[in-house]
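Predicted, not measured: the structure shown is a model, and the values here were computed from it. The basis for the numbers below is simple: all heavy atoms, side chains too, and nothing from hydrogens, waters or symmetry mates.
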Amino acid sequence: MEAKIEKGHFIESIIKEDIKNNKNNGKVVTRFPPEPNGYLHIGHAKSICLNFNMANKFNGRCNLRFDDSNPAKEKQIFIDSIKSTINWLGFEFGTPLFASDYFDRLYDFAVELIKKGKAYVCSLNAGDIKKYRGTLTEPGKDSPYRERPVKENIKLFTRMKNGEFDEGEHTLRAKIDMKSPNINLRDPIIYRVKKASHPRTGDKWNIYPMYDFTHCLSDSLEGITHSLCSLEFEDHRPLYDWTLDALETPCHPQQIEFARMNINYTVLSKRKLQKLVEENHVNGWDDPRLPTLEGMRRRGYTPESIRNFCNVIGVSKKGSRIDMGLLESCLRDDLNVKAPRVMGVLKPLEVIIENYPENLTEELTARNHPQKEEMGTRKITFSKQIYVEQDDFMENPPKKFFRLGPGREVRLRYAYLVTCKQVIKDESGNIIRLICTYDPETRGGNAPDGRKVKGTIHWVNANDCIDAKVNLYDRLFKDENPEQGNRDFIENLNPGSLKELELCKLEKSLINARPGKAYQFERLGYFCLDSKNKDSGDTPNRDPVFNRTVTLRDAWAKMKKR
RNA sequence: UGGGGCGUCGUCAAGUGGUAAGACACAGGGUUUUGAUCCCUGCAUUCAGAGGUUCGAGUCCUCUCGCCCCAGCCA
């Protein structure tokens with residue numbers, strides 16, 4: 001279920017007010033502007049949802065625009081990944097746009113700025129530019145090139161474009177105010193020489209525009225009405241506005257800033273995610289433990305659950321650290337409704353039903369969903385030899401343990417009531433098998449005499465199941481704040497974030513599982529076939545690997561902790 | 001100690017001068033062939049703090065404190 005956005009957050013209020021006042025002729029046009037230098041993560045999802053939701057809600061449009069003005073960092077693979085991830089999330093963006101498509105026009109704008117005496121070519125080197133800039137508390141000094149005549153500026157800028165200079169020799173700077181308390185206004189660089197091949201424009205350009213120049217003008221060129229970005233660009237807004245005011249532009253979009261999200265027990269910065277991947281602390285960008293959208297997708301997160309999460313957390317300007325539990329709650333909410341139920345045993349314990357006929361196999365009916373009749377039923381088989389979960393047996397159970405123990409009776413879901421008669425161990429004392437008896441009168445799980453059994457456990461027919469590998473994921477970090485106490489976040493990695501189980505026993509129907517399809521393994525959690533599974537294209541699946549998306553809420557585990 | 005932001009329940013978050021929504025979490029209870037789901041109930045006399053204005057302040061004013069961002073030819 002999608003959360004209702006009744007009252008709306010502060011950005012929605014601004015938009016509603018603008019519509020009321022017929023600003024922009026009542027139109028709403030937003031944009032999601034990723035730089036194609038990495039993969040999208042859950043933090044981006046917040047921005048994607050915000051921008052697309054606002055546009056959709058007010059009958060507007062949201063452009064996907066790649067902010068590709070730094071060819072040194074950008075790659076086609078990121079462009080492809082970003083596009084497919086946004087589609088997967090469920091948003092339509094039409095033809096993707098690129099800031100690089102505006103390079104010619106941006107160049108003309110730069111020339112216009114020079115002609116108006118509002119930009120100049122500066123020939124200071126990087127170190128000197130830094131020195132002249134001043135510091136947070138000291139004003140900067142004017143560059144010696146600041147008063148270069150327009151004609152000379154044009155000539156030099158043209159030569160920069162033509163590739164006559166090396167990187168770092170000259171820059172084009174906006175002429176604003178070197179004494180401004182806002183450092184972004186101290187004659188910011190708007191063009192630099194960069195001899196890099198661009199993924200889209202190739203070697204056409206020797207100079208590339210900087211973000212501050214590119215972004216506001218791209219917004220204006222696209223007729224964006226509301227340019228939503230994160231808080232750290234608040235200081236850039238005066239420059240955004242200055243640029244658009246200085247030039248003859250189609251329109252002047254309004255930049256509005258909101259806080260980016262943080263989630264506990266994980267990290268969301270591109271730099272940190274990159275370190276995790278490059279140093280092999282995880283297995284690639286789509287490792288299911290990562291908060292990358294590709295990782296979450298592989299783990300089994302649904303687009304709906306992510307979108308709902310983004311709605312639930314709201315939008316504000318307050319720095320926040322959201323509880324991972326909220327994300328998981330949104331996930332379970334969605335999966336609970338969608339996922340058919342099946343049975344699978346992760347850590348098998350063999351059970352022999354001693355009074356059950358030797359060569360009999362019975363067919364039993366199991367519901368695919370306890371509440372949703374329309375999801376139907378399926379047949380499962382039962383025989384003398386089955387597997388149950390090791391965790392569902394205790395030799396010396398406490399009073400509140402409702403599962404199997406010596407002499408105890410439990411219900412095997414959809415099958416029979418069984419009682420544990422004997423525990424078989426190997427020489428070293430490990431429990432290897434349970435001998436039980438069943439009550440033939442309780443087929444389906446109900447006792448005719450009305451006696452109550454408190455526990456119901458899952459099981460699998462040993463002669464009619466498939467072997468599988470199962471990956472169990474847990475939080476990536478031990479601490480809720482991975483960088484607590486200025487520690488290197490790497491030291492805080494949870495060594496148990498991935499547990500790989502082999503020889504798990506799953507009910508036969510799972511042989512037809514497809515990646516992306518969620519199942520609930522009853523009493524254990526939600527699982528899906530790993531998309532990297534080598535046989536995931538085949539039916540039937542010969543060597544399946546399942547990922548645990550999330551566990552079920554577990555009151556028993558909570559009780560044990562206390 | 002330059003500039004820009006932000007401080008409402010454990011975590012998010014409504015609230016726009018009229019007497020603190022909601023969600024997650026947590027705690028109790030009910031239903032249940034998943035210790036799941038579902039359903040009830042409880043959970044801020046108080047809004048970073050201190051003054052002030054007002055019949056009335058989380059909302060207005062003043063001061064104080066705390067946290068975040070900015071000195072890339074990154075975005």
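- Contact annotation: A/Lys558 reaches the phosphate of B/C26 (side-chain N/O to OP1 or OP2, under 4.0 Å).
- A gap of 36 Å separates the C1' atoms of B/U37 and B/U46, to the nearest Å.
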Task: Contact pattern, 5' to 3', of nucleotides 69-75 of chain B - B, S or - by protein heavy atom under 4.0 Å - done: BBBSBSB

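- Contact annotation: the side chain of A/His215 approaches that of A/Arg31 to within less than 4.5 Å [non-hydrogen atoms, C-beta and beyond].
- Distances shorter than 4.0 Å separate some side-chain N or O of A/Ser316 from OP1 or OP2 on B/A13.
- Of the two residues near RNA chain B, A/Gln520 and A/Ile313, the one whose nearest nucleotide lies more 5' is A/Ile313.
- Residue A/Lys318 has a polar side-chain atom (N or O) positioned under 4.0 Å from OP1 or OP2 of B/A13.
- Comparing A/Asp323 and A/Arg443 by the nucleotide of RNA chain B whose heavy atom lies nearest to each, the residue mapping closer to the 5' end is A/Asp323.
- B/U59 and B/A20 have their P atoms separated by 14 Å, given to the nearest Å.
- The nucleotide whose nearest atom lies closest to any side-chain atom of A/Arg413 is, among B/A25, B/U34, B/A13, B/U34.
- Residue A/Arg321 is classed as a sugar-phosphate contact, given heavy-atom separations below 4.0 Å to backbone atoms only.
- For A/His9, the side-chain atoms get nearest to B/A14 when compared with the rest of B/G5, B/A14, B/G2.
- One finds a salt bridge joining A/Lys57 and A/Glu12 here, because a Lys/Arg side-chain nitrogen approaches an Asp/Glu carboxylate oxygen to under 4.0 Å.
- Distance noted for atom C1' between B/C12 and B/G2: 33 Å (whole Å).
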